[in-house]
2 protein chains.
Amino acid sequence: MRIAEKPPTVTDAASPCLPPPLPLDDQLCFAIYSAAHAMNRVYKPLLEPLGLTYPQYLVLLVLWQTDDVTVKDLGSRLFLDSGTLTPLLKRMEAAGLVTRRRDTADERLVRVTLTPDGRALRDRAGAVQQAVGCASGLDAAAMGALHRALTELRDGLKGT
Amino acid sequence: MRIAEKPPTVTDAASPCLPPPLPLDDQLCFAIYSAAHAMNRVYKPLLEPLGLTYPQYLVLLVLWQTDDVTVKDLGSRLFLDSGTLTPLLKRMEAAGLVTRRRDTADERLVRVTLTPDGRALRDRAGAVQQAVGCASGLDAAAMGALHRALTELRDGLKGT
DNA sequence: CCGAATTAAATTGCGCGCAATCGAATTGTG
DNA sequence: CACAATTCGATTGCGCGCAATTTAATTCGG
């Protein structure tokens with residue numbers, strides 16, 4: 001079952017015991033991979049004036065919704081672990097955007113909170129989202145369908 | 001769940017015409033971002049027995065289709081640059097999967113070719129793709145629609 | 001021809017992303 | 001209470017991914 005139309009160059013002989021690998025451009029994984037990088041390349045120049053990387057922007061999205069969360073909470077929301085988040089949060093703390101301190105009741109937990117500077121960046125995020133939405137070139141319905149399909153795929157893969 | 005004291009929303013009043021940022025889970029960029037990482041997490045244990053990372057696997061997908069390509073060709077097909085590909089290809093060369101040598105006619109070019117070992121891995125790639133296809137939990141039609149939408153999005157973002 | 005502009009890779013530096021491991025704190029069990 | 005198991009975060013090591021710069025080869029303009 002091919003995902004896209006038959007590619008021009010490669011001709012598959014009638015299926016042997018093991019099928020030969022699908023060509024690159026027919027594979028869903030590469031469509032996701034390359035779209036993710038393309039998206040990151042759009043965000044990068046928009047976030048640079050805010051002094052943010054894309055993952056740092058995601059952390060702020062969480063904190064703007066729910067301030068004062070643990071590293072574990074952040075990780076479960078962003079699907080990242082402490083190996084990624086700890087140094088990232090330290091850089092954000094050094095930049096004055098968040099504070100990190102141990103929970104007094106349970107000293108295993110590190111609670112992450114917004115500083116006024118981190119909270120202030122919220123105002124400039126709307127323009128970033130708007131710019132990316134325009135750049136996507138998709139209408140709202142297509143974006144919605146894409147969003148649902150990707151979320152379903154991600155959650156399906158997670159269980160596996 | 002903390003008691004919600006009203007945050008000092010000086011900023012909301014400051015720019016009333018700009019909408020507040022969408023929540024994380026509503027954003028297409030995060031759906032793509034998290035789906036890409038989920039996909040990578042599925043591939044990793046499947047590729048590990050082959051001694052491959054996912055980007056290395058993508059390089060092989062290109063070479064299995066078209067052997068003997070330049071680094072630049074690889075980059076344009078995978079949307080990667082030499083800063084990523086050069087060390088990656090050196091690791092693949094060290095692993096005995098590809099050879100890298102300067103084009104005799106134009107010494108600026110580095111031509112990448114499969115070794116017998118690299119070519120042999122092709123047989124084991126079909127099983128990997130099959131396993132991922134099953135893990136996705138999507139039917140062929142949904143995968144096809146997703147593939148088309150992502151490719152359109154990626155190419156739309158590229159021009160921007 | 002010769003020098004300037006262009007092109008292709010390599011290199012450097014930095015920020016993820018994750019597996020594996022560790023140490024400290026907490027919880028569970030007898 | 002003791003003590004094993006669990007949980008959380010930090011740390012280490014490695015492989016991307018990309019911007020910026022460098023070096024070498026080629027092409028172009030005069």
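Excluded from the calculations below are hydrogen atoms, water molecules and symmetry mates; all remaining heavy atoms, backbone and side chain alike, are included. Letters go in sequence order (proteins before strands), and every chain restarts at 1.
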If you look at every strand shown and take non-hydrogen atoms under 4.0 Å, does Arg100(B) touch a base, only sugar-phosphate, or nothing? sugar-phosphate

With heavy atoms under 4.0 Å as the rule, sort Ala36(B) into base, sugar-phosphate or nothing. nothing

Output yes when a side-chain donor or acceptor of Thr115(B) lies under 3.5 Å from a complementary backbone atom of Leu97(B), and no otherwise. yes

Once you round to the nearest 0.5 Å, how far does NZ of Lys44(A) lie from OG1 of Thr53(A)? 8.5 Å

Given side chains that start at C-beta, do those of Gln129(B) and Leu61(B) come closer than 4.5 Å, heavy atoms only? yes

Which residue lies toward the 5' end of DNA chain C, Lys44(B) or Asp106(A), if each is placed at its nearest nucleotide? Lys44(B)

Please report, rounded to the nearest Å, how far the C1' atom of dA24(C) is from the CD atom of Glu107(A). 10 Å

Closest to the 5' end of DNA chain D, once Lys90(A) and Arg108(B) are matched to their nearest nucleotides, is Lys90(A)

Interface with DNA chain D, restricted to residues 46-56 of chain A and to heavy atoms under 4.0 Å: none

Determine whether a donor-acceptor pair (N or O, by modelled atom type, separation under 3.5 Å) exists between the side chain of Asp155(A) and the backbone of Lys158(A). no

Would you sort out whether Leu114(B) and Trp64(B) count as a side chain to side chain contact (heavy atoms under 4.5 Å, CB included), showing the intermediate values? CA-CA 8 Å; Leu114(B) 285 169; Trp64(B) 290 331; 3.6 Å; yes

Do Leu47(A) and Val62(A) share a hydrophobic cluster, counting only Ile, Leu, Val, Met, Phe, Trp and Tyr and linking them when any side-chain heavy atoms are less than 4.5 Å apart? yes

Under 4.0 Å, counting only non-hydrogen atoms across every strand here, what does Leu88(B) touch: a base, just sugar-phosphate, or nothing? sugar-phosphate

Quick check on contacts: within residues 91-98 of chain A, what sits under 4.0 Å from DNA chain D by heavy-atom distance? none

Salt bridge (charged side-chain N to carboxylate O under 4.0 Å, His left out), paired with Arg111(B), selected from Asp103(B), Asp67(B), Asp73(B): Asp103(B)

Span of DNA chain D engaged by chain A, first through last nucleotide within the 4.0 Å heavy-atom cut-off, is dT7(D) to dC18(D)

Donor-acceptor pair present, Ser82(B) side chain and dA10(C) base, under 3.5 Å: yes

When you measure from the side chain of Asn40(B) to the backbone N and O of Tyr43(B), does any donor-acceptor pair fall under 3.5 Å? no

Rounded to the Å, how far apart are Asp103(B) CG and dA9(C) C1'? 13 Å

Check the pair Phe79(A), Phe30(B) against side chain to side chain contact (heavy atoms under 4.5 Å, CB included), reporting the backbone distance first and the verdict last. CA-CA 10 Å; Phe79(A) 305 97; Phe30(B) 179 63; 3.9 Å; yes

Do the ring planes of Tyr33(B) and Tyr54(A) sit parallel (below 30°), tilted (30 to 60°) or perpendicular (above 60°)? perpendicular

Leu150(B) vs Ile32(A), test: side chain to side chain contact (heavy atoms under 4.5 Å, CB included). Steps then yes/no. CA-CA 7 Å; Leu150(B) 284 168; Ile32(A) 300 176; 3.4 Å; yes

Pick the nucleotide of DNA chain D nearest each of Asp73(A) and Ala38(A); which residue has the one closer to the 5' end? Asp73(A)

